[in-house]
Amino acid sequence: MISKLDSVLLAQKKFIYNYKNMRWAKGRNETYLCFVVKRRLGPDSLSFDFGHLRNRTGCHAELLFLSYLGALCPGLWGCADDRNRRLSYSVTWFCSWSPCANCATTLTRFLRQTPNLRLRIFVSRLYFCDLEGSPHVEGLRDLRRAGVQVKVMSYKDYFYCWQTFVAHRLSRFKAWEGLHTNYVRLSRKLNRILQPCETEDLRDVFRLFGLLT
DNA sequence: ATTTTCAAT
């Protein structure tokens, strides 16, 4: 029973190694994705599922997650509801790398066809986002425009992940050196990346109030 | 100053 539970949880070292938000994450040649799936069942009740996965050769973690989505979210597409409505789900995931351009495109298309799925993405590090005009940077903007909340993981997010996805064996999450500084730097960088989208949003608001033609 | 990246070997 314990060993079965352990297999669902991430080993401490694995979590720390893969999620460390250092400037040069040498050797992080794999990506972990920890997820929480919630479904609204009634006014107050929620169903809940969680787990983690890792990319496989030839398949990025995000697309692997998409392939599991049908099993994780029964009734997401069909008409499982007694009034023939699709069920609404919300997914939050914590990924060690931000999504690449290709995954972002697939996700964006998928989400536009599935408005009953809400997605929030937290990332530990930004994947190839140093150059403005990089397709990965554009991918993040596309996701943002598709209504996805994209954020950089902060201390409280690591703390939450440790409590939720890691076999912590009652040990508390201990921040590595530079966690906060790195978070601030990455968060600013992501804000700069998403700035054009925020501006678009503002224009939409102004337009709504007739302040702009 | 420079270092790294869902590997390839």
Side-chain angles (χ1 to χ4, degrees), chain A residues 7-37 50-72 91-111 117 119-144 146 148-155 157-158 160-162 164-166 175-195:
Chain A
S7 71
V8 171
L9 297 172
L10 208 42
Q12 299 185 14
K13 278 184 183 170
K14 214 161 241 182
F15 176 78
I16 297 288
Y17 181 76
N18 283 285
Y19 279 86
K20 221 171 191 178
N21 62 356
M22 65 233 276
R23 183 82 175 89
W24 286 282
K26 193 171 183 170
R28 272 66 176 183
N29 293 319
E30 49 187 17
T31 296
Y32 279 79
L33 189 158
C34 294
F35 62 87
V36 172
V37 177
F50 75 98
H52 75 268
L53 53 87
R54 201 199 74 192
N55 69 294
R56 299 291 158 194
T57 42
C59 186
H60 281 191
E62 293 88 339
L63 301 189
L64 197 58
F65 180 82
L66 270 193
S67 74
Y68 292 148
L69 199 62
L72 285 167
V91 168
T92 301
W93 81 42
F94 303 86
C95 217
S96 53
W97 285 114
S98 63
C100 76
N102 183 44
C103 289
T105 303
T106 306
L107 280 167
T108 301
R109 283 188 193 140
F110 181 87
L111 289 167
L117 176 66
L119 179 62
R120 282 195 304 170
I121 297 179
F122 288 84
V123 302
S124 199
R125 298 177 302 264
L126 296 170
Y127 183 71
F128 280 114
C129 286
D130 285 330
L131 295 168
E132 175 57 31
S134 139
H136 310 302
V137 164
E138 283 307 318
L140 291 176
R141 290 183 183 137
D142 288 341
L143 281 170
R144 175 66 189 78
V148 180
Q149 197 185 97
V150 188
K151 287 191 160 183
V152 172
M153 286 174 73
S154 67
Y155 175 83
D157 303 312
Y158 292 112
Y160 171 79
C161 283
W162 183 264
T164 310
F165 306 106
V166 177
W176 49 84
E177 204 181 322
L179 183 152
H180 183 67
T181 318
N182 290 332
Y183 158 71
V184 170
R185 177 178 49 80
L186 288 163
S187 196
R188 281 185 184 144
K189 190 181 216 171
L190 181 62
N191 283 340
R192 276 197 300 273
I193 287 172
L194 298 180
Q195 193 79 55

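- Side chain of A/H52 to main chain of A/F35: no donor-acceptor pair is present (N/O by atom type, distance under 3.5 Å, no hydrogens or angles).
- A/R125 comes within 4.0 angstrom of nothing in the nucleic acid, heavy atoms only.
- Going from atom CG of A/N18 over to atom C1' of B/dT5 covers 12 Å, rounded to whole Å.
- Taking atom CG on A/D130 and atom P on B/dT4, their separation rounds to 12 Å, with Å as the unit.
- Between the side chain of A/R141 and the main chain of A/I193, a donor-acceptor pair closer than 3.5 Å is present.
- Heavy atoms of A/L64 sit nowhere under 4.0 angstrom from any nucleic acid atom.
- For A/R185 and B/dT4, the CZ to C1' distance is 11 Å, given to the nearest whole Å.
- At distances below 3.5 Å, not a single donor-acceptor pair connects side-chain atoms of A/S187 with backbone N or O atoms of A/V184.
- In this structure, A/Y17 places its OH atom 11 Å from P of B/dC6, rounding to the nearest Å.
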When the side chains of residues 119-129 of chain A are checked against the rest of the protein, which donor-acceptor pairs come out under 3.5 Å, sequence neighbours left out?
residue	atom	partner	partner atom	Å
A/R120	NE	A/T92	OG1	3.3
A/R120	NH2	A/T92	OG1	3.2
A/S124	OG	A/Y19	O	2.4
A/S124	OG	A/Y158	OH	2.7
A/R125	NH1	A/N18	O	2.8
A/R125	NH1	A/K20	O	2.7
A/R125	NH2	A/N18	O	3.2

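- A donor-acceptor pair shorter than 3.5 Å cannot be found between the side chains of A/N102 and A/T105.
- Contact check, A/Y32 against B/dC6: no side-chain N or O comes under 4.0 Å of OP1 or OP2.
- Rounded to an integer number of Å, the gap from A/I121 CD1 to B/dC6 P is 17 Å.
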Might you list the N or O atoms of the protein lying below 3.5 Å from N or O atoms in nucleotides 7-9 of chain B, with each pair's distance?
residue	atom	partner	partner atom	Å
B/dA7	N7	A/N29	ND2	3.0

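- In this structure, A/F128 forms an aromatic stack with the base of B/dT5, since both conditions hold: centre separation below 5.5 Å and plane angle below 30°.
- To the nearest 0.5 Å, the span separating CH2 on A/W97 from NE2 on A/H60 amounts to 11.5 Å.
- Taking atom CH2 on A/W97 and atom P on B/dC6, their separation rounds to 7 Å, with Å as the unit.
- In this structure, A/R28 and A/Y17 approach most closely via the heavy-atom pair NE-O, 2.7 Å.
- Note on A/S98: a base of the nucleic acid sits closer than 4.0 angstrom, heavy atoms only.
- Straight-line distance from the CG atom of A/L131 to the C1' atom of B/dT4: 13 Å, rounded to whole Å.
- Nucleotides B/dT9 and B/dT5, compared at atom P, are 15 Å apart to the nearest Å.
- Remark: P of B/dA1 and CH2 of A/W24 are 11 Å apart, rounded to the nearest angstrom.
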